[in-house]
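Working notes, structure below.
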Amino acid sequence: MSAALVKPVLYSYFRSSCSWRVRIALALKGITYDQVPVNLLKDGGQQLAIIEYLEETRPNPRLLPQDQKKRAQVRMISDHIVSGIQPLQNLAVLQRVGEKKLEWAQHYITNGFQALERILKNTAGRYCVGDEVSMADLCLVPQVYNAERYKVDLALYPTITRINKTLLELEAFQVSHPTKQPDTPAELRA
Amino acid sequence: MASSPSGKPVLYSYFRSSCSWRVRIALALKGITYDQVPVNLLKDGGQQLAAEFQVVNPMQQVPALKIDGITLSQSLAIIEYLEETRPNPRLLPQDQKKRAQVRMISDHIVSGIQPLQNLAVLQRVGEKKLEWAQHYITNGFQALERILKNTAGRYCVGDEVSMADLCLVPQVYNAERYKVDLALYPTITRINKTLLELEAFQVSHPTKQPDTPAELRA
């Protein structure tokens with residue numbers, strides 16, 4: 001049986017920023033897939049490998065620029081979010097932190113966003129790197145969603161805020177949104 | 001200026017930073033000569049936070065690499081750039097699925113383990129830092145051991161050294177540092193031992209850097 005004839009299956013949790021990044025990629029590339037909701041958060045951080053594989057095997061539309069230096073900037077921003085911010089505020093860690101979880105989450109998102117705002121001032125055009133949607137943008141939007149969830153004051157990050165707003169106008173970022181998934185609870189559904 | 005007067009790349013590094021070590025291995029494997037500027041993460045409240053370093057790297061982290069007129073941070077982004085611009089020897093397999101496996105293992109270590117036991121987090125955790133570090137390394141290594149049973153040959157993925165191996169060795173060093181019992185991870189242990197026989201993993205070792213303190217020097 002040819003593997004190419006079988007639809008991809010995504011194991012996803014509606015609220016997981018890691019799952020959301022991959023859902024955006026699949027939507028942008030027009031890849032239909034089956035979704036299996038999982039209510040258990042596995043460790044995050046392998047989603048960039050998935051996105052890079054999708055990019056290599058289904059290259060259109062691009063999620064990584066052709067220019068090598070811009071491509072490095074996209075990966076740098078993606079890695080910063082995926083390794084430098086998200087793991088420090090994921091569900092499992094916050095459960096371990098216990099009582100002070102809100103303060104902890106805010107600390108790491110704030111630290112990460114301060115650095116990111118500085119980087120984006122150098123790299124951003126309409127989107128994180130220049131004017132084309134890239135893997136960095138797929139990482140940004142779910143992280144901003146988390147920042148809002150943990151009541152981080154986003155007024156301090158005008159570049160992040162502007163780019164996030166622009167991205168949320170795109171269909172791929174809407175259809176993949178946590179409020180519109182098969183496993184979104186009724187009270188959170190859009 | 002985007003590179004040193006000699007035109008060589010400049011690596012901002014801390015001897016004990018596993019993220020910096022990954023990049024040092026990559027540079028050594030690819031035979032790229034470079035200048036190293038040590039950034040001490042402990043002294044002066046953390047030299048990476050100093051205003052002068054923020055100009056170099058707005059992300060205030062090591063490693064940072066000045067190369068070809070740009071400054072990059074994030075070890076995997078740096079390694080992927082080196083791979084694309086200096087492709088020999090390869091650090092990513094040609095086969096797309098194997099390449100995905102290399103990235104998956106690298107991501108698992110770089111996003112799933114290391115950030116949870118890095119210096120800044122352990123400083124914040126305070127008293128229970130050893131237990132915390134052991135918890136996250138153990139969790140991460142349990143998963144990694146299972147993955148490697150499927151992917152490993154001589155090295156993490158098949159029989160060629162890859163980016164995944166560059167991530168593995170520094171993480172095992174950290175595991176040893178935090179007294180994690182490695183007997184439970186025979187595949188990880190075997191691959192680590194095999195890799196440490198290679199020159200690139202030795203010259204880049206934390207015990208052999210310009211900023212290695214005398215008492216830790218090999």
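These figures come from a predicted structure and were not determined experimentally. By convention in this document, chain letters (A, B, ...) are assigned in the order of the sequence lines, proteins followed by strands, and residues within each chain are numbered from 1.
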Among B/V121, B/N57, B/T85, which has the most heavy-atom pairs under 4.5 Å with chain A?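 That would be B/V121.
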
Residues of residues 147-175 of chain A near chain B, each having a heavy atom less than 4.5 Å away: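 Near chain B, by residue number: none.
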
How far apart are the C-alpha atoms of B/L76 and A/R75, what are their side-chain angles, what is the distance that settles it, and do they pass the side-chain contact (heavy atoms from CB on, under 4.5 Å) test? CA-CA 8 Å; B/L76 298 189; A/R75 288 185 172 124; over 6 Å; no

Quick one: are A/M76 and B/Y81 in side-chain contact, heavy atoms under 4.5 Å? no

Less than 4.5 Å apart, any side-chain heavy atom of B/Q60 and any of A/Q114?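 SC-SC contact between B/Q60 and A/Q114 ruled out.
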
Can you name the nearest heavy-atom pair linking B/L116 to A/P87, along with the distance?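 Where B/L116 meets A/P87 most closely, the heavy atoms are CD1-O, 3.8 Å.
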
Distance-only, no hydrogens or angles: does the A/D79 side chain make a donor-acceptor pair with backbone N or O of B/A77 under 3.5 Å?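 A pair under 3.5 Å: yes.
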
Does A/K69 use its side chain to pair, donor to acceptor, with the backbone of B/D68 at less than 3.5 Å? yes

Straight-line distance of B/M59 CE to A/N111 CG, nearest 0.5 Å: 12.5 Å

To the nearest 0.5 Å, how far apart are OG in A/S83 and CD in B/Q74? 6.0 Å

So with a 6.0 Å cut-off around NZ of B/K98, is the heavy-atom count from everything else above 12?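 Open.
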
Decide if atom NZ of B/K149 counts as having more than 12 heavy atoms of other residues, nucleotides or ligands within a radius under 6.0 Å.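 Atom NZ in B/K149 is crowded, with more than 12 foreign heavy atoms closer than 6.0 Å.
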
Highest number of heavy-atom pairs under 4.5 Å with chain B among A/E52, A/R71, A/R96 belongs to A/R96

Measure distances from B/Q54 to the heavy atoms of chain A and classify the residue's part below 4.5 Å as side chain, backbone, both or neither.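 For B/Q54, side-chain heavy atoms alone lie under 4.5 Å from chain A.
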
Under 4.5 Å, heavy atom to heavy atom: which of residues 156-163 of chain B reach chain A? Give them by number, or say none.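 Residues qualifying by a heavy atom under 4.5 Å from chain A are absent, so none.
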
